[in-house]
Amino acid sequence: MDTTLDKAYTPKDTENEIYSFWEKNGYFSPNDKKEAHPFSVILPPPNANADLHVGHAMYVIEDIMIRYHRMLGDNTLWLPGADHAGFETQFVYEKHLAKIGKSRFDFDRETLYKDIWNFVHENRGTMENQLRKLGFSLDWSRNIFTLDPAIITTVHASFKQLFDEGLIYRDNRLVNYCTKDGTGFSDLEVLYVDRKDPLYYMKYGPFTIATSRPETKFRDTALAVNPKDKRYKEYIGKTLEIMGLLGPISMTVIPDPEVDPSFGTGIMKVTPAHDPHDFELGKKFNLPVTPIIDFKGRMDFSWFLSQKNIEPKYRERAEKYHGKKIAIVRPLMVEDLQSDGLLIKVDEAYAHRIGTCWKCGTVIEPLPLEQWYVKVAPLAKKALEAIDKKKVAFVPKRFEKTAKQWLSNFHDWNISRQNVWGIRIPAWKCVGCLSKQFSNSTIQQSSSWIITDGTPPTECPVCLGKNLVQDTDTFDTWFSSGQWSFATLRASGKDDYKNFYPTSVMETGYDILPWWVCRMLMLGIHMTGKVPFKTVYLHGLVRDSKGQKMSKSKGNVVNPLKMIDQFGADALRFALVFGTAAGNDLSLSEDKIRGMRNFANKLWNIGRLLLLSLENAKNSGRVIPFYSESLHATRLNDTDKRLISEINMLTSSVTKDMEKYRYSDAAKKLYDFSWHRLADQYIEENKVRFSEGDPEALSVFRHVFLTILKLLHPFMPFITEALWQKIPRLTTNPLIISSWPNQKSTV
RNA sequence: GCGCGCAUAGCUCAGUGGUAGAGCGCUUCGUUGACAUCGAAGAGGUCUAAGGUUCAAGUCCUUAUGCGCGCACCA
């Protein structure tokens with residue numbers, strides 16, 4: 001064994017070597033000892049085709065938990081995976097297509113899917129190697145992809161079961177639709193932004209109405225007023241002839257207690273096809289759902305133009321508007337409203353919030369579309385009960401309330417996506433039956449669907465027809481992700497589900513609490529009868545040195561790989577934990593990482609001094625005994641004994657912190673003790689003894705330092721392992737699988 | 001409107017009712033072998049405000065102010 005060390009620690013030389021040493025020897029896999037307690041964590045699967053960002057580095061908390069429990073001797077599993085990230089990945093792929101002058105519509109479904117598959121798999125290894133660079137002790141032999149057949153099987157089976165139980169249904173209602181990306185979204189994926197837009201006041205029969213969406217007025221089907229509003233009471237129930245841009249329309253005035261009399265003029269126009277509130281109102285009053293905007297975000301006047309005997313003026317207008325985007329039509333309408341004397345005024349800076357596509361920023365259009373919905377309330381109820389019965393604990397505790405709030409307020413969940421890249425929904429329709437039912441041209445009525453476990457059905461159970469068409473939609477990625485905790489363990493082989501479900505801890509960013517954690521709770525409990533995890537630990541967002549959110553456009557993004565390259569993975573890891581409270585956002589600066597690199601170097605040089613001293617002692621024929629209780633009792637002086645007592649106190653205090661998820665505290669104590677107590681005090685005061693080869697001093701120094709290496713290992717796995725392997729000690733185990741210290745332990 | 005969080009050193013933030021902390025920055029001094037990615041010494045705080053609980057409050061409770069986040073409404 002080479003016992004000399006370089007003057008400064010160079011992580012680059014050692015990290016890769018140590019990682020492959022660990023991986024090759026299977027240390028990341030569970031020890032499978034029968035008497036061992038199970039401890040399991042499932043890594044939130046990063047997007048398979050994207051590079052890691054510094055937020056992913058926060059999963060270091062999971063590695064700390066895992067390494068700690070592995071050293072405790074627990075049967076420890078940290079399961080890695082990669083996410084196909086349905087819509088998100090397809091979005092990236094479409095950008096890539098655009099660069100080469102193509103679009104997804106140039107390909108048939110199968111080709112497109114295969115092309116995205118290849119695109120993803122070209123990039124997939126990158127993300128995984130980046131996780132390795134971070135030192136994450138993931139069991140790669142169990143690596144799972146969200147599109148692995150075993151996962152798809154589980155997702156299909158759950159869908160069928162939920163459908164059979166009546167917890168999934170098909171409905172035609174207004175969907176949050178992005179006309180640019182061509183897909184609908186769940187409520188959670190709509191990003192609301194504050195904007196200032198014109199509010200148009202226009203003449204509406206005897207009234208004045210205010211609207212920010214004049215383009216929808218062509219398909220208004222009613223007027224609504226607050227029943228308590230005295231100004232309009234007499235109109236309720238009456239049908240009025242109203243002059244519009246395309247001639248007169250007759251409309252009934254209906255009561256709606258939700259109309260705010262103080263907003264605008266207190267009269268609301270009702271457009272069931274393009275406003276969720278109006279849609280519900282329309283259901284109540286039996287109003288027709290008549291769209292004017294199509295799925296590309298264009299005005300569709302075909303319903304009007306197909307009529308006979310239209311006045312030329314109106315035909316001309318409709319033709320002018322037809323097929324154009326909303327933004328183009330609005331000013332045209334304003335002109336026409338003015339020339340018809342219908343425009344009263346325009347409030348140019350009306351402040352409101354508007355739903356946009358979280359990915360591309362396009363304004364979300366509520367459009368009527370048939371989709372699959374999960375009936376959330378019964379599932380949420382079970383999750384709420386589990387929380388109340390303390391079957392799930394939250395760290396920090398305050399997120400329990402947040403989770404409960406979400407679970408109490410979820411609407412039914414639209415899980416259909418008009419994407420190709422994803423798990424296709426195992427639902428088929430019979431063309432024969434369909435043609436018989438198909439009467440209403442604007443709204444497609446629900447008909448009976450054939451749901452299977454994924455196997456294509458051979459014939460229609462109703463008419464025995466063989467012409468069956470599969471739903472072209474795929475699942476919302478979160479529908480499958482919501483089953484990740486049990487789907488993975490069922491897929492990863494052997495007895496993993498039996499041994500490791502429910503998992504010990506679910507650790508992720510608080511920003512996906514509603515998207516992921518709540519859904520895993522709901523689906524996990526419903527599908528398995530058990531909570532999917534016993535503890536939820538949530539970490540905050542990584543921000544820049546000034547506390548600003550990182551973004552590419554601001555140019556303040558910290559690249560974790562660059563930082564690892566520059567300062568080492570241990571330094572980055574320690575910087576992310578040091579001085580960071582669970583659930584709070586944290587500021588990360590290069591300065592902080594550099595500071596932690598300096599700490600790593602400090603450790604390195606403590607090790608270097610120890611090794612040099614041991615080597616000198618050996619060369620002069622001294623035998624350095626290993627620390628033991630009898631050595632302690634018979635030979636140590638007070639100075640040495642005091643240090644031993646302090647390292648024992650540190651050990652129990654750090655252990656307590658580890659148990660209570662107080663990683664920042666543990667890290668600080670270790671930093672402080674190593675640097676300021678051991679190096680600055682003990683070593684400085686006893687330097688002469690070391691150089692003289694004092695056996696007791698060196699024995700104590702070695703014992704204390706090895707103990708520190710153990711305690712620090714979960715945080716800084718590379719340098720601690722590297723030093724550990726250089727230092728003569730009793731056990732032969734590498735540090736990663738050596739035992740967590742207690743007050744009696746020898747090293 | 002509802003909910004959550006934050007307010008502590010110049011900056012960024014920890015802080016588990018018991019003598020105010022860290023990282024970075026700053027000042028002064030110090031390089032013959034552990035480390036200048038260092039060492040020694042130091043400056044810098046009415047812990048946002050007001051009230052309350054307590055032997056004891058940065059910490060618990062109430063209220064206020066400012067900032068941030070989420071949700072709902074938004075014709």
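The sequence lines fix the lettering, A, B, ..., with proteins before strands; numbering per chain opens at 1.
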Partner nucleotide of [N] by Watson-Crick or wobble geometry (both distances under 3.5 Å):
N	answer
B:C71	B:G1
B:G45	none
B:A9	none
B:G39	B:C29
B:A56	none

Ranking A:Ser212 and A:Asn605 by the position along RNA chain B of their nearest nucleotide, the one closer to 5' is A:Asn605
Taking for A:Thr10 and for A:Ile354 the nucleotide of RNA chain B with the nearest heavy atom, the one nearer the 5' end belongs to A:Thr10
Using the [atom1] atom on both, measure [N] against [M] and round to a whole Å.
N	M	atom1	result
B:A64	B:A9	C1'	26 Å
B:G21	B:C38	C1'	23 Å
B:C26	B:U16	C1'	32 Å
B:C60	B:C67	P	23 Å
B:A49	B:A57	P	15 Å
B:G15	B:G52	P	28 Å
B:G66	B:G25	P	36 Å
B:U53	B:C73	C1'	39 Å

Any base atoms under 4.0 Å from [X], or only sugar-phosphate, or nothing? Heavy atoms, all strands.
X	value
A:Gly547	sugar-phosphate
A:Asp665	base
A:Arg353	base
A:Arg543	nothing
A:Thr402	nothing
A:Phe690	nothing
A:Lys669	base
A:Leu588	nothing
A:Asp680	sugar-phosphate
A:Lys687	base
A:Trp406	sugar-phosphate
A:Val259	base
A:Phe567	nothing
A:Lys668	base

Applying salt bridge (Lys or Arg N to Asp or Glu O under 4.0 Å) to A:Arg398 and not counting sequence neighbours gives none
Start and end of chain A contact along RNA chain B [non-hydrogen atoms, under 4.0 Å]
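Going 5' to 3' along RNA chain B, contacts run B:G3 to B:A75.
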Does the side chain of [Y] come within less than 4.5 Å of [X]'s, by heavy atoms?
X	Y	value
A:Lys217	A:Met333	yes
A:Gln566	A:Glu590	yes
A:Lys359	A:Cys178	no

Quick test of your reading of the model: are A:Arg677 and A:Asp672 salt-bridged, counting only N-O distances below 4.0 Å?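 Judged by the 4.0 Å cut-off on N to carboxylate O distance, A:Arg677 and A:Asp672 do not form a salt bridge.
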_Quick test of your reading of the model: are A:Arg213 and A:Glu365 salt-bridged, counting only N-O distances below 4.0 Å?_
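Yes.
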**Request:** Report the relative orientation of the aromatic rings in A:Tyr671 and A:Trp675; use parallel for angles under 30°, tilted for 30 to 60°, perpendicular for over 60°.
**Result:**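 A:Tyr671 and A:Trp675: tilted rings.
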Should the ring pair A:Trp515 and A:Trp406 be called parallel, tilted or perpendicular, given that the plane angle runs from 0 to 90° and is split at 30 and 60?
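Because their plane-to-plane angle lies in the 30° to 60° range, the rings of A:Trp515 and A:Trp406 count as tilted.
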A:Ser613 and A:Asn616 side chains, donor-acceptor separation under 3.5 Å: no
